Each structure stands twice: as C-alpha cells, then as structure tokens.
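The analysis underlying the following values was restricted to heavy atoms, covering all of them including side chains, and did not include hydrogens, waters or symmetry mates. Computed from a predicted structure; not experimentally measured. We name chains A, B, ... by the order of the sequence lines, and we start the count at 1 in each one.
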Number of protein chains: 2
Amino acid sequence: MSISDLVKIFKALSDETRLKLLALLENGELCVCKIVSILKMSQPKVSFHLNILKDAGLVKMRREGTRIFYSLDDSDLFKRFLILSIIEKIKDKAFSSNFNQKGGVIWK
Amino acid sequence: MSISDLVKIFKALSDETRLKLLALLENGELCVCKIVSILKMSQPKVSFHLNILKDAGLVKMRREGTRIFYSLDDSDLFKRFLILSIIEKIKDKAFSSNFNQKGGVIWK
DNA sequence: AAAAAATATAAAAATTTTTTGATATATTTT
DNA sequence: AAAATATATCAAAAAATTTTTATATTTTTT
C-alpha cells in the first residue's frame with residue numbers, strides 16, 4: 001500500500017456523508033435508491049460519494065437488473081478495522097431521524 | 001467522539017505532507033526548524049500542516065526557548081492505532097531522499 | 001421498439017483547502 | 001533596548017473538492 005493509496009483512503013473517510021454511508025451499509029448491501037430515500041440527498045450526490053468510497057476500495061457494488069447494490073468491502077484488514085471503528089463510533093448518532101425506537105432503520 | 005471529531009481526524013490524515021510529518025515524528029519530538037530543513041518545505045507550510053495535526057489531536061507541542069518541539073500525541077487508543085498503522089505502512093518510502101543507507105534520517 | 005426505472009456522468013457553480021509571500025509575535029542574545 | 005532567531009498568523013492566489021442541474025446509459029417492461 002503506497003502513500004497515495006493511504007491518502008486516498010483517508011480522503012474518502014474525511015467527509016461526514018461518506019462516514020454515514022459506511023455506517024448505513026453496516027447490516028448489508030443497499031441499492032442507491034434506498035440510500036437516497038433514507039439520507040434524503042440527491043441521487044447524483046449519493047452516487048458521487050459512493051464512487052469515492054469505491055475508488056478507495058471501501059465499498060463494492062453489484063448490479064441486479066436496473067439496480068446497483070453497494071456493500072462494505074472489508075477484504076483488507078486495515079480497511080476492515082477502519083470501517084468497524086467508524087461504525088462503532090458513530091452508530092446511532094448518524095441517523096437519529098431515520099431510526100425508530102427499537103434502533104432499526106425506518107425504510108422509506 | 002462525535003462524527004465531526006472523526007471527520008476532523010481523517011481530514012488531518014488525508015494529505016501526504018501530514019502523513020510524512022507523522023512518520024517523521026516516529027522517533028521523538030522535533031522542532032519546526034528541523035522539520036523544515038528535512039522536508040525542504042517553507043516554514044509557513046510546515047506550521048500550517050502541524051497546526052491541522054494538532055487541532056485533530058494527533059500531535060502535541062512544547063516550547064523550549066525560541067523553539068517549539070512537536071511530537072506524536074497517541075494518548076487516545078484509536079489515534080495511536082492510526083498513527084502506528086501509517087508509520088508502518090509508509091516507513092522508508094516517505095523520505096527516501098532524506099535517509100542514508102542505514103535507514104537513519106540525514107539531519108541537515 | 002418505445003417507455004420507464006435506476007444509476008452514472010458531465011458541466012458549471014459554490015465551497016473548502018492549500019500554498020505563497022509578507023508580517024507579527026515571542027524568546028533569547030548582544 | 002536593539003538585534004537575531006524561531007515560529008505563528010494573515011491575506012491573497014491557486015488548487016482541489018463538493019454540490020447542483022441537466023443529460024446520458026443501462027436494463028427491464030410494455
């Protein structure tokens with residue numbers, strides 16, 4: 001892993017939207033449209049940020065028909081540690097308005 | 001640790017100069033003038049980046065006379081892990097032109 | 001093959017970060 | 001108290017990132 005790979009990973013993590021995206025994917029893959037409806041952000045904005053996470057090797061994608069599902073890519077140990085640390089630290093804080101009282105995500 | 005604290009830490013790490021600064025401090029504190037002469041960067045630039053690292057709680061400083069010495073601040077476990085990971089990953093790659101053949105820093 | 005749905009991409013605008021050059025501040029030395 | 005040294009700060013310029021709006025692409029459905 002080169003310095004610029006490291007910088008790319010940290011750049012990807014240095015944005016609140018992207019940290020929320022990672023936390024949102026904690027429980028498995030989601031399609032872009034679901035993410036858009038949960039975070040209430042524009043679709044291009046979500047795609048833009050997902051793409052940065054993908055370039056940094058932090059998420060991976062899979063097409064199913066017209067939808068594209070994103071999920072965490074923790075195949076690398078260091079990245080896995082980062083992702084888990086982030087999720088542990090921001091869990092529940094990230095989506096207060098999108099969670100119900102049991103702590104489950106409210107899918108819109 | 002809030003989301004914005006996390007973002008601040010990752011922002012601080014998302015720059016090659018700053019990763020090099022952290023690696024440079026691996027073996028103990030250094031004054032700004034020493035860092036400037038090793039990295040061959042302008043003094044305001046070095047101060048700027050050190051300040052970002054300090055704001056993120058990754059380095060600390062100590063004045064001694066007219067000099068100010070910076071050192072790693074790894075009092076927090078998560079930050080310590082990040083710093084150690086970075087150093088392990090970029091060691092030797094970071095300063096090829098500033099190291100001698102034994103791997104020691106060539107102080108100018 | 002046209003329409004619809006989901007997503008990506010591109011261009012322009014807005015925002016943030018970084019660099020540079022000049023100057024200010026703090027401490028020590030003369 | 002003036003000069004010298006080390007560092008910080010500031011303002012302007014440059015560069016990079018993010019957001020927005022519009023459009024293109026891909027796949028499925030009709």
Side-chain angles (χ1 to χ4, degrees), chain A residues 3-22 24-25 28-71 73 94 107-108, chain B residues 3-22 24-25 28-71 73 94 107-108:
Chain A
I3 293 189
S4 58
D5 289 338
L6 258 193
V7 169
K8 184 181 274 192
I9 291 168
F10 288 130
K11 255 195 220 304
L13 297 176
S14 67
D15 176 275
E16 182 164 334
T17 295
R18 295 195 287 268
L19 293 190
K20 287 184 180 179
L21 285 171
L22 291 176
L24 196 53
L25 295 174
E29 63 179 15
L30 289 176
C31 64
V32 177
C33 58
K34 208 95 182 176
I35 296 170
V36 165
S37 81
I38 294 170
L39 295 184
K40 287 161 188 151
M41 292 175 185
S42 73
Q43 176 267 313
K45 185 173 172 179
V46 169
S47 284
F48 170 82
H49 288 291
L50 284 171
N51 188 53
I52 286 177
L53 290 171
K54 184 166 67 67
D55 274 356
L58 292 162
V59 303
K60 51 187 194 288
M61 48 179 268
R62 166 182 85 79
R63 177 182 279 271
E64 189 178 302
T66 151
R67 294 185 176 179
I68 296 183
F69 287 84
Y70 281 84
S71 57
D73 181 353
W107 304 113
K108 302 285 161 62
Chain B
I3 292 189
S4 58
D5 289 338
L6 259 193
V7 169
K8 185 182 276 192
I9 291 168
F10 288 128
K11 255 194 220 308
L13 298 176
S14 66
D15 177 274
E16 184 164 332
T17 295
R18 295 194 288 268
L19 293 190
K20 287 184 180 180
L21 285 172
L22 291 176
L24 196 55
L25 295 175
E29 63 180 15
L30 289 175
C31 64
V32 177
C33 58
K34 207 96 183 176
I35 296 171
V36 165
S37 80
I38 294 171
L39 295 185
K40 288 158 185 151
M41 291 175 187
S42 73
Q43 176 267 313
K45 185 173 172 178
V46 169
S47 283
F48 170 81
H49 288 292
L50 284 171
N51 188 55
I52 286 177
L53 289 171
K54 185 165 67 68
D55 274 356
L58 292 162
V59 303
K60 52 187 195 284
M61 48 181 266
R62 168 181 83 81
R63 176 182 280 271
E64 188 179 303
T66 151
R67 294 184 175 181
I68 296 183
F69 287 85
Y70 281 85
S71 58
D73 181 352
W107 303 114
K108 304 281 161 62

Subject >> Passing option when A:Leu21 is tested against A:Ile38, A:Leu39, A:Asp15 for side-chain contact (heavy atoms from CB on, under 4.5 Å) >> reply: A:Leu39
Subject >> From CD (A:Glu29) to CZ (A:Arg62), nearest 0.5 Å >> reply: 4.0 Å
Original post:
Who does C:dA22 pair with, Watson-Crick or G-U, both distances under 3.5 Å?
Top reply: D:dT9
Original post:
So which of residues 44-59 of chain A are in contact with DNA chain D, with a heavy-atom cut-off of under 4.0 Å?
Top reply: A:Pro44, A:Lys45, A:Phe48, A:His49, A:Ile52
**OP:** Measure the distance from CZ on A:Arg62 to P on C:dT7 and round it to the nearest whole Å.
**Re:** 12 Å
**OP:** Provide, to the nearest angstrom, the distance between the NZ atom belonging to B:Lys11 and the C1' atom belonging to D:dT17.
**Re:** 9 Å
Original post:
Nucleotide by nucleotide, 5' to 3', does protein get under 4.0 Å of the base (B), only the sugar-phosphate (S), or neither (-) in nucleotides 23-29 of chain C, counting heavy atoms?
Top reply: ----SS-
Original post:
To the nearest Å, how far apart are A:Leu30 CG and C:dA6 C1'?
Top reply: 15 Å
Original post:
Would you say a side-chain N or O of B:Tyr70 is under 4.0 Å from OP1 or OP2 of D:dA8?
Top reply: yes
**OP:** Could you check which nucleotide pairs with C:dT29 in any of the strands shown, counting Watson-Crick or G-U wobble with both distances under 3.5 Å?
**Re:** D:dA2
Subject >> Between D:dT7 (C1') and B:Arg67 (CZ): distance, integer Å >> reply: 12 Å
**OP:** Using a 4.0 Å heavy-atom cut-off across all strands, classify B:Phe69 as base, sugar-phosphate, or nothing.
**Re:** nothing
Original post:
Rounded to whole angstrom units, what separation is found between the CG atom of B:Leu13 and the P atom of C:dT17?
Top reply: 15 Å
